[in-house]
2 protein chains.
Amino acid sequence: MAGTDTKERILDTAERLFAAHGFAGTSLRAVTKDAGVNLAAVHYHFGTKEDLLRAVLSRIVIPVNRERLQMLEQVEAAAGSAPPSLEGILEAFIAPDLRLIRDLGERGVIITRFLGRSYTEPAEMVQALSREHYEELGQRFMEAFARALPEVPQAEVYWRFKLVVGVLTYILADTGPTMGGYAEDLSDVDGTLRRLVAFLAAGLRAPVPAPQWQDRAGEGRSP
Amino acid sequence: MAGTDTKERILDTAERLFAAHGFAGTSLRAVTKDAGVNLAAVHYHFGTKEDLLRAVLSRIVIPVNRERLQMLEQVEAAAGSAPPSLEGILEAFIAPDLRLIRDLGERGVIITRFLGRSYTEPAEMVQALSREHYEELGQRFMEAFARALPEVPQAEVYWRFKLVVGVLTYILADTGPTMGGYAEDLSDVDGTLRRLVAFLAAGLRAPVPAPQWQDRAGEGRSP
DNA sequence: GTCTATAACGGGATAGAC
DNA sequence: GTCTATCCCGTTATAGAC
């Protein structure tokens, strides 16, 4: 197949096993055994186990996030000085992840699972790595969402963006038929994308519920 | 504090460490050391490490799911033969989780994090346990959602229900300020609940996008 | 019920030959 | 670059004294 040299085989195998069993649940011995390489090779090429994870994650995330930003810039450029398209921003955020599946076949499924898992992986270091890769990106997208949703308070937009991340994470990490046995075909990128965007755009645009037991006198809002 | 006998201290400590580091990332030695009990005690009281996890998970999930079903039955009874309230179903699904935080204080935060992690924990056994607890519950709720959303195709309702689970999972598992440093106060149960319901209800009710490149002759839909 | 001691094994990491 | 051999520690689990 492809990638027959040692370093690449280690990356591919680690990617697959991290996706399947998590970081703590994957031993270097399992990786080297599956990859058919020597245990010492992983230390020679990458250093520590943590360094290996860093390499695996970077190889995936960096190009995906670059594509996200490119798509976002196109959406913003198309809007000019007007508020950018909410649906466009959502597509820019979601599509690059989904496309991995279609473009990379079986490995795409593995990778998306790995990505979804990375968000919620308990290991502190994995989380630190995730933050490292997503912090500025999140800021950029949150600002775009805020511009696209002028009628929603900014704090609420930021909070709802987290819900968007949650949905995407869960969809990616999902191993198949979870509740009720209804399986999802993620390889239908266009269909999944349109249905996700429809759901999320409606949620993002929803009227913000007013605080219920908070009676601020002097604010002339009549329900 | 509370729970000074050995068995309970083990449960409390395991719950906290599983939530923080995951199942694979938590050793029994760490549990017994933190709990101030002997390593052999955990085997005496629970058996294997997997049995301990089962005990920790059951202690939390069983009463929460019971409350979910009770709330769902009330919502359905209130609706009579009419479609049940979508917002009511969402509250029945979400509120019991959120209430844990308010009612149990610091331990509530730990528990919800543990619950959120359980959904995406890589270990096959954890997933099997989760399925075991949520399979019938998911079926019941999916049917309720389908009745509340007669204008949405059933397959789409089922798929969107998974997105609801994803949002809840992510909110629960979230360790704090993730993207952009915007922290959420989950202890405000009523506020969080109303804002979650507003977002999710809008998403669930969103018009279903029609397949784009699918030209079914004989269907009189003019765009 | 609770402890010590230990079995039996797997973990990450490294030195040094080739 | 790749291998063997090994260090050293942590892991789950159990046996048996108290």
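Side-chain atoms are counted along with the backbone in the values below, which use heavy atoms only and exclude waters and symmetry mates. Every chain is numbered from 1, with letters handed out A, B, ... down the list of sequences.
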| task | Compare side-chain N and O positions of A:S27 against OP1 and OP2 of C:dG11 and report whether any pair is under 4.0 Å apart. | result | yes
| message | How many whole angstroms separate atom OH of A:Y44 from atom C1' of D:dG1? | response | 5 Å
| Between A:I10 (CD1) and D:dC3 (C1'), how many Å, whole number? | 13 Å
| request: Could you state the atom-to-atom distance from CE of A:M125 to P of C:dG12 in whole Å? | output: 11 Å
| query | Mind checking what makes side-chain hydrogen bond (donor to acceptor under 3.5 Å, both in side chains) contact with A:R147, not counting sequence neighbours? | reply | A:E76
| Residue B:K49, side-chain atoms from C-beta onward, closest of C:dG12, D:dA13, D:dT2 | D:dA13
| note | Between CG of B:L39 and C1' of D:dG16 the distance, given in whole Å, is 15 Å
| remark: Nearest-nucleotide check on DNA chain D, B:T26 vs A:H45; residue mapping nearer the 5' end is A:H45
| said: Measuring from the side chain of A:A40 (C-beta onward, heavy atoms only), which nucleotide among C:dG11, D:dT2, D:dC3 has the closest atom? | reply: D:dC3
| request: Find the distance B:D51:CG to D:dA13:C1' and express it as a whole number of Å. | output: 12 Å
| Closer to the 5' end of DNA chain C via nearest nucleotide, is it B:N38 or A:L28? | B:N38
| Quiz item: A:R29 side-chain donor-acceptor pair to C:dG11 base, under 3.5 Å | yes
| query | Do the numbers put A:K7 on top of the ring of A:Y44, so that NZ or CZ is under 6.0 Å from the six-membered ring centre and no more than 45° off the axis? | reply | no
| Just how far, in rounded Å, is P of D:dT2 from CZ of A:F46? | 11 Å
| For atom CZ of B:R9 and atom P of C:dG1, their distance in whole Å | 14 Å
| request: For B:I94 and B:L168, work out which heavy atoms get closest and say how close. | output: CG2-CD1, 3.9 Å
| Closest non-hydrogen atom pair, B:S85 against B:G88 | OG-N, 2.9 Å
| query | B:L17 has an atom CG; how far is it from atom P of D:dT11, in whole Å? | reply | 12 Å
| query | Where is the tightest heavy-atom contact between B:R9 and B:A35, given as atom of each residue plus distance? | reply | NE-O, 2.9 Å
| task | Just compare D:dA13, C:dT2, C:dG11 and give me whichever is closest to any side-chain atom of B:T48. | result | D:dA13
| said: As a test of reading the structure: which of D:dA13, C:dT2, D:dT2 is closest to the side chain of A:T6, going by heavy atoms? | reply: D:dT2
| request: Report yes if a side-chain nitrogen or oxygen of B:H43 is closer than 4.0 Å to either non-bridging phosphate oxygen (OP1 or OP2) of D:dT14; otherwise report no. | output: no
